[in-house]
Amino acid sequence: MANADKINNNNFEKYLKDFEEGRLDEKLSEELLCFIETYHLFLKDDQSEIVLHADKKDELNAEVKQTFLQVNTEIETITETNIHYFLKSKVEGLLDHNTHERLEIFLNKHQDYRVELMLLEQIKLAPDNQIKFPHKAKLKQKQTKWLWPIIATAACFAGLIIFSLNFNHESIKASAVQHFVKTQKDSVNSNQRKIETRASLPQMNLTQTKTNRIFQNRKKSHPKDSLFLMFPIEQFVDTFNTQEENKPESIPLYENLPEEVFFSWNVIPDLPVKPSFKSQTLSMNNPIHPITSGLSYLTQQEIDFRMANNALEKKGRYFLKIGKLEILHVEN
Amino acid sequence: MTLSYCSAMTDSEYNKTVDLYADGIYRFALKHIKNAMSAQDIVQETYTKVWVKHKEVTFAKSKAYLFTTAYHLIIDFLKQEARNGEFKEQEIKKSVKPVEDFDLQTILHEALDKLPVIQKTVVLLRDYEGYNYAEIAEITALNESQVKVYIFRARQTLKSYLKQIDLVV
(Lines give C-alpha, C1' and ligand atoms only; values in the text may rest on other atoms or scores of the structure.)
Protein backbone atom coordinates (compact mmCIF):
# COMPACT_ATOMS: atom_id res chain seq x y z
CA MET A 1 0.00 0.00 0.00
CA ALA A 2 1.37 3.38 -0.89
CA ASN A 3 1.65 5.99 1.81
CA ALA A 4 -0.87 8.13 -0.02
CA ASP A 5 -3.49 5.39 0.48
CA LYS A 6 -2.82 4.99 4.18
CA ILE A 7 -5.25 6.25 6.75
CA ASN A 8 -4.21 9.65 7.97
CA ASN A 9 -5.50 12.85 9.42
CA ASN A 10 -6.88 14.01 6.09
CA ASN A 11 -8.71 10.94 4.96
CA PHE A 12 -9.64 8.96 8.08
CA GLU A 13 -13.25 10.25 8.09
CA LYS A 14 -13.83 8.71 4.69
CA TYR A 15 -12.48 5.39 5.95
CA LEU A 16 -14.53 5.74 9.09
CA LYS A 17 -17.73 6.15 7.12
CA ASP A 18 -16.93 3.08 5.05
CA PHE A 19 -16.12 1.22 8.22
CA GLU A 20 -19.42 2.08 9.88
CA GLU A 21 -21.30 1.00 6.78
CA GLY A 22 -19.40 -2.27 6.62
CA ARG A 23 -17.67 -1.60 3.31
CA LEU A 24 -14.13 -1.61 4.69
CA ASP A 25 -12.14 -4.82 4.34
CA GLU A 26 -10.50 -6.46 7.31
CA LYS A 27 -7.01 -5.11 6.73
CA LEU A 28 -8.14 -1.51 6.40
CA SER A 29 -10.44 -1.96 9.37
CA GLU A 30 -7.49 -3.06 11.46
CA GLU A 31 -5.53 -0.08 10.24
CA LEU A 32 -8.34 2.28 11.09
CA LEU A 33 -8.67 0.66 14.48
CA CYS A 34 -4.98 1.18 15.10
CA PHE A 35 -5.31 4.79 14.02
CA ILE A 36 -8.18 5.39 16.39
CA GLU A 37 -6.48 3.68 19.28
CA THR A 38 -3.18 5.36 18.67
CA TYR A 39 -4.56 8.86 18.85
CA HIS A 40 -7.22 8.18 21.50
CA LEU A 41 -10.05 9.09 19.23
CA PHE A 42 -13.50 8.30 20.55
CA LEU A 43 -16.43 7.49 18.37
CA LYS A 44 -19.52 8.99 19.85
CA ASP A 45 -22.69 7.06 19.15
CA ASP A 46 -25.55 9.48 18.82
CA GLN A 47 -28.54 7.12 18.52
CA SER A 48 -28.59 5.98 14.89
CA GLU A 49 -25.85 8.23 13.54
CA ILE A 50 -22.26 7.77 14.54
CA VAL A 51 -19.98 10.78 14.31
CA LEU A 52 -16.35 11.21 15.08
CA HIS A 53 -15.45 12.97 18.22
CA ALA A 54 -11.73 13.58 18.44
CA ASP A 55 -10.45 15.16 21.61
CA LYS A 56 -7.07 15.54 20.07
CA LYS A 57 -8.11 16.12 16.51
CA ASP A 58 -6.42 19.46 16.37
CA GLU A 59 -3.17 17.90 17.45
CA LEU A 60 -3.05 15.70 14.41
CA ASN A 61 -0.44 17.52 12.51
CA ALA A 62 2.13 16.39 10.05
CA GLU A 63 4.47 15.25 12.77
CA VAL A 64 1.86 13.04 14.40
CA LYS A 65 0.89 11.75 11.03
CA GLN A 66 4.44 10.70 10.46
CA THR A 67 4.47 8.94 13.82
CA PHE A 68 1.32 7.11 12.92
CA LEU A 69 2.82 5.89 9.70
CA GLN A 70 5.74 4.62 11.69
CA VAL A 71 3.44 2.80 14.05
CA ASN A 72 1.69 1.25 11.13
CA THR A 73 4.87 -0.13 9.73
CA GLU A 74 6.04 -1.36 13.11
CA ILE A 75 2.74 -2.40 14.59
CA GLU A 76 4.32 -5.17 16.56
CA THR A 77 6.42 -2.74 18.57
CA ILE A 78 4.82 -1.94 21.90
CA THR A 79 5.20 1.70 22.82
CA GLU A 80 3.49 4.06 25.20
CA THR A 81 1.55 5.31 22.21
CA ASN A 82 -0.15 2.04 21.38
CA ILE A 83 0.00 0.31 24.76
CA HIS A 84 -3.76 0.75 25.28
CA TYR A 85 -4.45 -1.28 22.19
CA PHE A 86 -2.30 -4.13 23.48
CA LEU A 87 -3.75 -3.94 26.97
CA LYS A 88 -7.30 -4.29 25.65
CA SER A 89 -6.22 -7.05 23.31
CA LYS A 90 -4.73 -8.90 26.28
CA VAL A 91 -7.95 -8.56 28.27
CA GLU A 92 -9.90 -9.88 25.30
CA GLY A 93 -7.48 -12.77 24.90
CA LEU A 94 -6.41 -11.75 21.43
CA LEU A 95 -2.64 -11.71 21.93
CA ASP A 96 -0.42 -14.54 20.76
CA HIS A 97 2.34 -15.95 22.95
CA ASN A 98 5.17 -13.81 21.57
CA THR A 99 3.24 -10.57 21.81
CA HIS A 100 2.15 -11.49 25.30
CA GLU A 101 5.76 -11.96 26.39
CA ARG A 102 6.78 -8.64 24.86
CA LEU A 103 3.88 -6.96 26.63
CA GLU A 104 5.03 -8.42 29.95
CA ILE A 105 8.49 -7.05 29.36
CA PHE A 106 7.02 -3.66 28.59
CA LEU A 107 4.81 -3.74 31.70
CA ASN A 108 7.77 -4.64 33.88
CA LYS A 109 9.44 -1.50 32.69
CA HIS A 110 6.28 0.62 33.05
CA GLN A 111 4.45 -0.43 36.22
CA ASP A 112 1.84 2.29 35.83
CA TYR A 113 0.35 0.43 32.88
CA ARG A 114 0.08 -2.74 34.95
CA VAL A 115 -2.43 -0.92 37.16
CA GLU A 116 -4.22 0.07 33.99
CA LEU A 117 -4.27 -3.57 32.97
CA MET A 118 -5.66 -4.69 36.33
CA LEU A 119 -8.44 -2.15 36.00
CA LEU A 120 -9.27 -3.36 32.52
CA GLU A 121 -9.37 -6.96 33.69
CA GLN A 122 -11.99 -6.03 36.27
CA ILE A 123 -14.24 -4.58 33.61
CA LYS A 124 -15.99 -7.84 32.93
CA LEU A 125 -19.70 -8.05 33.42
CA ALA A 126 -20.93 -11.07 35.30
CA PRO A 127 -24.47 -12.22 34.54
CA ASP A 128 -26.95 -11.95 37.37
CA ASN A 129 -28.06 -15.57 37.59
CA GLN A 130 -30.84 -14.69 39.99
CA ILE A 131 -32.73 -13.09 37.12
CA LYS A 132 -34.73 -15.90 35.54
CA PHE A 133 -37.51 -15.92 33.03
CA PRO A 134 -40.68 -16.72 35.03
CA HIS A 135 -42.88 -18.25 32.33
CA LYS A 136 -40.81 -21.02 30.79
CA ALA A 137 -43.68 -23.49 30.90
CA LYS A 138 -45.75 -21.25 28.64
CA LEU A 139 -43.01 -21.23 26.03
CA LYS A 140 -42.72 -25.00 25.83
CA GLN A 141 -44.62 -27.09 23.33
CA LYS A 142 -46.76 -29.97 24.54
CA GLN A 143 -45.52 -33.36 23.36
CA THR A 144 -48.61 -35.58 23.33
CA LYS A 145 -48.93 -36.33 19.63
CA TRP A 146 -46.88 -39.49 19.79
CA LEU A 147 -49.28 -41.04 22.30
CA TRP A 148 -52.17 -41.44 19.88
CA PRO A 149 -50.62 -44.09 17.60
CA ILE A 150 -49.61 -46.13 20.64
CA ILE A 151 -53.08 -45.84 22.16
CA ALA A 152 -54.69 -46.84 18.86
CA THR A 153 -52.38 -49.85 18.44
CA ALA A 154 -52.96 -50.97 22.02
CA ALA A 155 -56.71 -50.64 21.55
CA CYS A 156 -56.58 -52.79 18.40
CA PHE A 157 -54.61 -55.51 20.16
CA ALA A 158 -56.91 -55.38 23.18
CA GLY A 159 -59.91 -55.72 20.89
CA LEU A 160 -58.40 -58.74 19.15
CA ILE A 161 -57.60 -60.43 22.44
CA ILE A 162 -61.08 -59.84 23.84
CA PHE A 163 -62.55 -61.12 20.61
CA SER A 164 -60.45 -64.28 20.74
CA LEU A 165 -61.32 -64.93 24.40
CA ASN A 166 -65.07 -64.40 24.08
CA PHE A 167 -65.56 -66.21 20.78
CA ASN A 168 -63.23 -69.14 21.23
CA HIS A 169 -65.61 -71.57 19.53
CA GLU A 170 -64.96 -74.46 17.22
CA SER A 171 -66.95 -72.83 14.45
CA ILE A 172 -64.56 -69.85 14.39
CA LYS A 173 -61.57 -72.07 13.98
CA ALA A 174 -63.18 -73.49 10.88
CA SER A 175 -63.82 -71.34 7.91
CA ALA A 176 -67.06 -69.69 7.07
CA VAL A 177 -67.46 -72.13 4.20
CA GLN A 178 -66.81 -75.11 6.38
CA HIS A 179 -69.22 -73.79 8.97
CA PHE A 180 -71.87 -73.34 6.34
CA VAL A 181 -71.39 -76.84 4.89
CA LYS A 182 -71.30 -78.41 8.33
CA THR A 183 -74.46 -76.62 9.37
CA GLN A 184 -76.25 -77.89 6.30
CA LYS A 185 -75.06 -81.43 6.94
CA ASP A 186 -76.09 -81.32 10.60
CA SER A 187 -79.45 -79.96 9.67
CA VAL A 188 -80.11 -82.84 7.28
CA ASN A 189 -78.92 -85.41 9.79
CA SER A 190 -80.91 -83.88 12.57
CA ASN A 191 -84.12 -83.97 10.61
CA GLN A 192 -83.51 -87.57 9.67
CA ARG A 193 -82.88 -88.50 13.31
CA LYS A 194 -86.04 -86.80 14.46
CA ILE A 195 -88.11 -88.74 11.97
CA GLU A 196 -86.55 -92.05 12.97
CA THR A 197 -86.89 -91.30 16.69
CA ARG A 198 -90.53 -90.44 16.41
CA ALA A 199 -91.11 -93.71 14.57
CA SER A 200 -89.59 -95.69 17.42
CA LEU A 201 -91.36 -93.85 20.27
CA PRO A 202 -94.48 -96.13 20.65
CA GLN A 203 -92.27 -99.17 21.39
CA MET A 204 -90.58 -97.62 24.47
CA ASN A 205 -91.38 -98.43 28.10
CA LEU A 206 -92.02 -95.04 29.59
CA THR A 207 -92.28 -96.11 33.21
CA GLN A 208 -88.78 -97.62 33.43
CA THR A 209 -86.75 -94.61 32.45
CA LYS A 210 -84.34 -92.84 34.78
CA THR A 211 -86.10 -89.57 34.20
CA ASN A 212 -89.33 -91.02 35.48
CA ARG A 213 -87.69 -92.27 38.65
CA ILE A 214 -86.32 -88.82 39.39
CA PHE A 215 -89.67 -87.17 39.05
CA GLN A 216 -91.36 -89.85 41.16
CA ASN A 217 -89.12 -88.97 44.15
CA ARG A 218 -90.31 -85.39 44.25
CA LYS A 219 -92.68 -84.42 47.05
CA LYS A 220 -94.74 -82.23 44.80
CA SER A 221 -95.04 -82.82 41.13
CA HIS A 222 -94.45 -79.94 38.77
CA PRO A 223 -97.06 -79.19 36.08
CA LYS A 224 -94.37 -79.58 33.45
CA ASP A 225 -93.34 -83.05 34.65
CA SER A 226 -95.90 -84.62 32.38
CA LEU A 227 -94.12 -83.12 29.40
CA PHE A 228 -90.82 -84.76 30.40
CA LEU A 229 -92.59 -88.09 30.81
CA MET A 230 -93.68 -87.90 27.23
CA PHE A 231 -90.05 -87.61 26.03
CA PRO A 232 -87.82 -90.30 27.59
CA ILE A 233 -84.39 -88.73 27.15
CA GLU A 234 -82.38 -91.81 28.01
CA GLN A 235 -84.09 -93.86 25.34
CA PHE A 236 -83.69 -91.07 22.88
CA VAL A 237 -79.95 -90.87 23.44
CA ASP A 238 -79.45 -94.61 23.23
CA THR A 239 -81.35 -94.78 20.00
CA PHE A 240 -79.38 -91.90 18.53
CA ASN A 241 -76.03 -93.43 19.43
CA THR A 242 -76.98 -96.79 17.95
CA GLN A 243 -77.96 -95.15 14.69
CA GLU A 244 -74.78 -93.14 14.55
CA GLU A 245 -72.62 -96.23 15.00
CA ASN A 246 -74.38 -98.19 12.29
CA LYS A 247 -74.49 -95.27 9.87
CA PRO A 248 -72.08 -95.54 6.90
CA GLU A 249 -69.49 -92.76 6.75
CA SER A 250 -70.71 -90.01 4.48
CA ILE A 251 -68.52 -88.01 2.14
CA PRO A 252 -68.27 -84.33 3.19
CA LEU A 253 -70.00 -82.09 0.75
CA TYR A 254 -67.18 -79.52 0.67
CA GLU A 255 -64.64 -81.99 -0.64
CA ASN A 256 -65.94 -81.43 -4.15
CA LEU A 257 -65.61 -77.64 -3.93
CA PRO A 258 -62.68 -76.04 -5.83
CA GLU A 259 -59.78 -74.84 -3.71
CA GLU A 260 -60.16 -71.24 -4.91
CA VAL A 261 -63.41 -70.95 -3.01
CA PHE A 262 -61.64 -71.37 0.30
CA PHE A 263 -58.76 -69.08 -0.53
CA SER A 264 -61.13 -66.37 -1.66
CA TRP A 265 -62.44 -66.27 1.93
CA ASN A 266 -58.89 -65.76 3.17
CA VAL A 267 -59.29 -68.53 5.68
CA ILE A 268 -58.21 -72.16 5.77
CA PRO A 269 -60.88 -74.76 6.44
CA ASP A 270 -60.30 -78.33 7.58
CA LEU A 271 -59.84 -79.62 4.05
CA PRO A 272 -58.60 -83.12 3.33
CA VAL A 273 -55.57 -81.45 1.75
CA LYS A 274 -55.02 -78.75 4.36
CA PRO A 275 -52.16 -76.26 3.83
CA SER A 276 -49.59 -76.65 6.56
CA PHE A 277 -49.26 -73.48 8.64
CA LYS A 278 -45.91 -74.61 9.87
CA SER A 279 -44.54 -74.99 6.39
CA GLN A 280 -46.01 -71.59 5.51
CA THR A 281 -44.63 -69.81 8.55
CA LEU A 282 -41.15 -71.28 8.49
CA SER A 283 -40.08 -68.91 5.75
CA MET A 284 -42.04 -65.98 7.21
CA ASN A 285 -40.78 -63.47 9.73
CA ASN A 286 -42.44 -62.06 12.79
CA PRO A 287 -41.68 -58.32 12.76
CA ILE A 288 -43.44 -57.73 16.10
CA HIS A 289 -42.08 -60.73 17.96
CA PRO A 290 -41.59 -58.90 21.31
CA ILE A 291 -45.18 -57.66 21.22
CA THR A 292 -46.71 -61.02 20.35
CA SER A 293 -44.54 -62.79 22.92
CA GLY A 294 -45.58 -60.31 25.60
CA LEU A 295 -49.25 -60.63 24.72
CA SER A 296 -48.98 -64.44 24.71
CA TYR A 297 -47.45 -64.33 28.16
CA LEU A 298 -50.08 -61.94 29.50
CA THR A 299 -53.12 -63.66 28.04
CA GLN A 300 -51.87 -67.25 28.24
CA GLN A 301 -52.99 -67.60 24.63
CA GLU A 302 -50.82 -68.50 21.69
CA ILE A 303 -50.47 -65.30 19.68
CA ASP A 304 -48.34 -65.22 16.57
CA PHE A 305 -48.03 -62.96 13.55
CA ARG A 306 -45.93 -63.71 10.48
CA MET A 307 -45.27 -61.76 7.30
CA ALA A 308 -43.82 -63.15 4.12
CA ASN A 309 -40.36 -62.20 3.03
CA ASN A 310 -40.53 -60.23 -0.21
CA ALA A 311 -37.42 -61.97 -1.47
CA LEU A 312 -39.28 -65.31 -1.45
CA GLU A 313 -41.89 -63.98 -3.88
CA LYS A 314 -44.62 -64.38 -1.32
CA LYS A 315 -45.50 -60.73 -1.11
CA GLY A 316 -48.80 -60.02 0.59
CA ARG A 317 -48.86 -63.17 2.68
CA TYR A 318 -49.41 -62.92 6.37
CA PHE A 319 -50.46 -65.30 9.07
CA LEU A 320 -52.20 -64.36 12.32
CA LYS A 321 -52.93 -66.71 15.15
CA ILE A 322 -54.75 -65.69 18.33
CA GLY A 323 -55.63 -68.66 20.50
CA LYS A 324 -57.52 -71.04 18.28
CA LEU A 325 -58.24 -68.42 15.64
CA GLU A 326 -55.90 -68.75 12.68
CA ILE A 327 -56.00 -66.55 9.60
CA LEU A 328 -53.73 -66.85 6.59
CA HIS A 329 -53.88 -64.22 3.89
CA VAL A 330 -52.55 -65.04 0.44
CA GLU A 331 -52.65 -62.61 -2.46
CA ASN A 332 -53.96 -64.19 -5.68
CA MET B 1 -31.18 -28.75 1.87
CA THR B 2 -31.86 -32.34 2.78
CA LEU B 3 -29.26 -32.22 5.53
CA SER B 4 -30.81 -29.15 7.13
CA TYR B 5 -34.22 -30.79 6.99
CA CYS B 6 -32.90 -33.92 8.62
CA SER B 7 -31.29 -32.01 11.46
CA ALA B 8 -34.19 -29.63 12.02
CA MET B 9 -35.13 -28.93 15.59
CA THR B 10 -37.55 -31.39 17.13
CA ASP B 11 -40.18 -30.49 19.71
CA SER B 12 -38.05 -31.80 22.53
CA GLU B 13 -35.01 -29.88 21.28
CA TYR B 14 -37.11 -26.73 21.09
CA ASN B 15 -38.19 -27.25 24.68
CA LYS B 16 -34.56 -27.78 25.58
CA THR B 17 -33.68 -24.38 24.12
CA VAL B 18 -36.30 -22.88 26.41
CA ASP B 19 -34.60 -24.44 29.43
CA LEU B 20 -31.12 -23.45 28.27
CA TYR B 21 -31.48 -19.97 26.82
CA ALA B 22 -34.72 -18.35 28.02
CA ASP B 23 -33.05 -16.94 31.12
CA GLY B 24 -30.13 -15.54 29.13
CA ILE B 25 -32.38 -13.91 26.56
CA TYR B 26 -34.53 -12.47 29.33
CA ARG B 27 -31.48 -10.94 31.04
CA PHE B 28 -30.24 -9.69 27.68
CA ALA B 29 -33.56 -8.00 26.98
CA LEU B 30 -33.97 -6.70 30.50
CA LYS B 31 -30.58 -5.00 30.40
CA HIS B 32 -31.62 -3.09 27.30
CA ILE B 33 -35.24 -2.37 28.04
CA LYS B 34 -35.27 -1.96 31.84
CA ASN B 35 -38.84 -3.14 31.97
CA ALA B 36 -39.67 -6.67 33.12
CA MET B 37 -43.01 -6.96 31.31
CA SER B 38 -41.62 -5.69 28.02
CA ALA B 39 -38.60 -7.98 28.39
CA GLN B 40 -40.91 -10.95 28.94
CA ASP B 41 -42.85 -9.97 25.84
CA ILE B 42 -39.60 -9.86 23.90
CA VAL B 43 -38.69 -13.36 25.08
CA GLN B 44 -42.11 -14.74 24.22
CA GLU B 45 -42.08 -13.15 20.79
CA THR B 46 -38.57 -14.44 20.19
CA TYR B 47 -39.57 -18.01 20.95
CA THR B 48 -42.75 -17.66 18.91
CA LYS B 49 -40.70 -16.63 15.89
CA VAL B 50 -38.24 -19.45 16.45
CA TRP B 51 -41.04 -22.00 16.79
CA VAL B 52 -42.48 -20.88 13.47
CA LYS B 53 -39.06 -21.49 11.90
CA HIS B 54 -38.04 -24.47 14.01
CA LYS B 55 -38.09 -26.83 11.03
CA GLU B 56 -35.47 -24.69 9.31
CA VAL B 57 -33.19 -24.12 12.30
CA THR B 58 -30.84 -26.72 13.68
CA PHE B 59 -30.42 -27.18 17.40
CA ALA B 60 -26.73 -26.26 17.12
CA LYS B 61 -27.61 -22.89 15.58
CA SER B 62 -30.60 -22.26 17.78
CA LYS B 63 -28.80 -20.12 20.36
CA ALA B 64 -27.41 -17.70 17.77
CA TYR B 65 -30.79 -17.62 16.05
CA LEU B 66 -32.57 -16.87 19.32
CA PHE B 67 -30.22 -14.03 20.25
CA THR B 68 -30.32 -12.59 16.75
CA THR B 69 -34.12 -12.56 16.83
CA ALA B 70 -34.15 -11.09 20.32
CA TYR B 71 -31.63 -8.43 19.32
CA HIS B 72 -33.72 -7.31 16.35
CA LEU B 73 -36.86 -7.22 18.49
CA ILE B 74 -35.05 -5.15 21.11
CA ILE B 75 -33.82 -2.70 18.50
CA ASP B 76 -37.33 -2.38 17.08
CA PHE B 77 -38.72 -1.86 20.55
CA LEU B 78 -36.16 0.80 21.42
CA LYS B 79 -36.75 2.63 18.16
CA GLN B 80 -40.46 2.60 18.76
CA GLU B 81 -40.01 3.80 22.31
CA ALA B 82 -37.63 6.52 21.16
CA ARG B 83 -40.22 7.70 18.66
CA ASN B 84 -42.83 7.75 21.40
CA GLY B 85 -40.46 9.63 23.67
CA GLU B 86 -40.99 7.14 26.48
CA PHE B 87 -37.62 5.49 26.62
CA LYS B 88 -35.87 8.78 27.21
CA GLU B 89 -37.98 9.32 30.28
CA GLN B 90 -37.15 5.90 31.61
CA GLU B 91 -33.44 6.41 31.35
CA ILE B 92 -31.93 6.51 34.76
CA LYS B 93 -29.63 9.40 35.42
CA LYS B 94 -27.82 8.05 38.39
CA SER B 95 -25.32 10.10 40.19
CA VAL B 96 -22.06 8.73 41.43
CA LYS B 97 -22.69 6.56 44.44
CA PRO B 98 -20.69 6.95 47.61
CA VAL B 99 -17.83 4.56 48.07
CA GLU B 100 -19.59 2.82 51.01
CA ASP B 101 -22.06 1.29 48.53
CA PHE B 102 -19.27 0.05 46.32
CA ASP B 103 -19.91 -3.13 44.44
CA LEU B 104 -17.95 -3.46 41.25
CA GLN B 105 -20.63 -5.33 39.33
CA THR B 106 -23.30 -2.85 40.38
CA ILE B 107 -21.15 0.04 39.26
CA LEU B 108 -20.36 -1.70 36.01
CA HIS B 109 -24.03 -2.31 35.31
CA GLU B 110 -24.73 1.32 36.00
CA ALA B 111 -22.01 2.23 33.56
CA LEU B 112 -23.44 -0.23 31.08
CA ASP B 113 -26.66 1.75 30.99
CA LYS B 114 -24.71 4.73 29.75
CA LEU B 115 -23.39 2.90 26.72
CA PRO B 116 -24.99 3.16 23.30
CA VAL B 117 -27.25 0.23 22.41
CA ILE B 118 -24.83 -1.43 20.03
CA GLN B 119 -21.94 -1.25 22.48
CA LYS B 120 -24.13 -2.56 25.26
CA THR B 121 -25.24 -5.41 23.03
CA VAL B 122 -21.76 -6.53 22.06
CA VAL B 123 -20.49 -6.30 25.63
CA LEU B 124 -23.44 -8.29 26.98
CA LEU B 125 -23.04 -10.94 24.32
CA ARG B 126 -19.31 -11.08 25.01
CA ASP B 127 -19.42 -11.12 28.81
CA TYR B 128 -22.79 -12.72 29.57
CA GLU B 129 -22.90 -15.35 26.88
CA GLY B 130 -19.21 -15.76 26.08
CA TYR B 131 -19.63 -15.35 22.34
CA ASN B 132 -16.53 -14.75 20.23
CA TYR B 133 -16.25 -11.86 17.78
CA ALA B 134 -17.44 -13.87 14.81
CA GLU B 135 -20.58 -15.03 16.60
CA ILE B 136 -21.36 -11.52 17.83
CA ALA B 137 -20.83 -10.24 14.30
CA GLU B 138 -23.32 -12.81 13.03
CA ILE B 139 -25.93 -11.85 15.59
CA THR B 140 -25.57 -8.09 15.19
CA ALA B 141 -24.99 -8.14 11.42
CA LEU B 142 -21.64 -6.38 11.80
CA ASN B 143 -18.21 -7.48 10.70
CA GLU B 144 -15.67 -8.73 13.20
CA SER B 145 -13.59 -5.56 13.12
CA GLN B 146 -16.59 -3.45 13.94
CA VAL B 147 -17.42 -5.73 16.83
CA LYS B 148 -13.86 -5.43 18.05
CA VAL B 149 -13.98 -1.64 17.91
CA TYR B 150 -17.32 -1.46 19.68
CA ILE B 151 -16.10 -3.73 22.45
CA PHE B 152 -12.90 -1.72 22.84
CA ARG B 153 -14.86 1.50 22.98
CA ALA B 154 -17.29 0.06 25.50
CA ARG B 155 -14.43 -1.10 27.71
CA GLN B 156 -12.86 2.31 27.44
CA THR B 157 -16.10 3.97 28.55
CA LEU B 158 -16.55 1.56 31.43
CA LYS B 159 -12.98 2.15 32.52
CA SER B 160 -13.48 5.91 32.37
CA TYR B 161 -16.62 5.54 34.46
CA LEU B 162 -14.77 3.57 37.10
CA LYS B 163 -11.98 6.14 37.13
CA GLN B 164 -14.55 8.88 37.42
CA ILE B 165 -15.92 7.52 40.66
CA ASP B 166 -12.46 6.94 42.01
CA LEU B 167 -12.64 3.18 42.23
CA VAL B 168 -9.22 2.52 40.90
CA VAL B 169 -7.48 -0.26 42.72
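Labels below follow one simple rule: chain letters A, B, ... track the order of the sequence lines, proteins then strands, and each chain is numbered from 1.
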Please examine the side chains of A:K124 and B:R155, heavy atoms only from C-beta on, and report whether any two atoms are closer than 4.5 Å. yes
Where does B:I25 contact chain A at under 4.5 Å (heavy atoms): side chain, backbone, both or neither? neither
Heavy-atom pairs under 4.5 Å with chain A are the metric here; pick the option from B:K31, B:Q44, B:Q40 that has the most. B:Q40
As an exercise: rank B:V123, B:T17, B:D19 by heavy-atom pairs under 4.5 Å with chain A and give me the winner. B:D19
Nearest heavy-atom neighbours spanning A:A126 and B:H109: O-CE1, 3.6 Å
Determine whether a donor-acceptor pair (N or O, by modelled atom type, separation under 3.5 Å) exists between the side chain of B:N15 and the backbone of A:K140. no
Considering all heavy atoms, the nearest A:S89-B:F152 contact: OG-CZ, 3.8 Å
Would you mind checking which part of B:F28 comes under 4.5 Å of any heavy atom in chain A, side chain (CB onward), backbone (N, CA, C, O), both or neither? neither
Any donor-acceptor N/O pair, B:D23 side chain to A:K132 backbone, under 3.5 Å: no
Between atom OH of B:Y14 and atom CG of A:L139, what is the distance when rounded to the nearest 0.5 Å? 6.0 Å
With a 6.0 Å cut-off (strictly less than), is the heavy-atom count around NZ of B:K63, excluding the residue itself, greater than 12? yes
Quick one: does any side-chain atom of B:R27 pair with a main-chain N or O of A:I131 as donor and acceptor, under 3.5 Å? yes
Quick check on B:I151 against chain A: is it the side chain, the backbone, both or neither that has a heavy atom closer than 4.5 Å? side chain
Do B:Y47 and A:K136 make a side-chain contact, defined as non-hydrogen atoms from C-beta onward lying under 4.5 Å apart? no
More than 12 heavy atoms from other groups under 6.0 Å of CD on A:Q130: no
B:L30 versus chain A, the contacting section by heavy-atom distance below 4.5 Å: side chain
Carefully, step by step, assess B:Y128 and A:L125 under the rule side chain to side chain contact (heavy atoms under 4.5 Å, CB included). CA-CA 7 Å; B:Y128 273 28; A:L125 293 168; 3.9 Å; yes
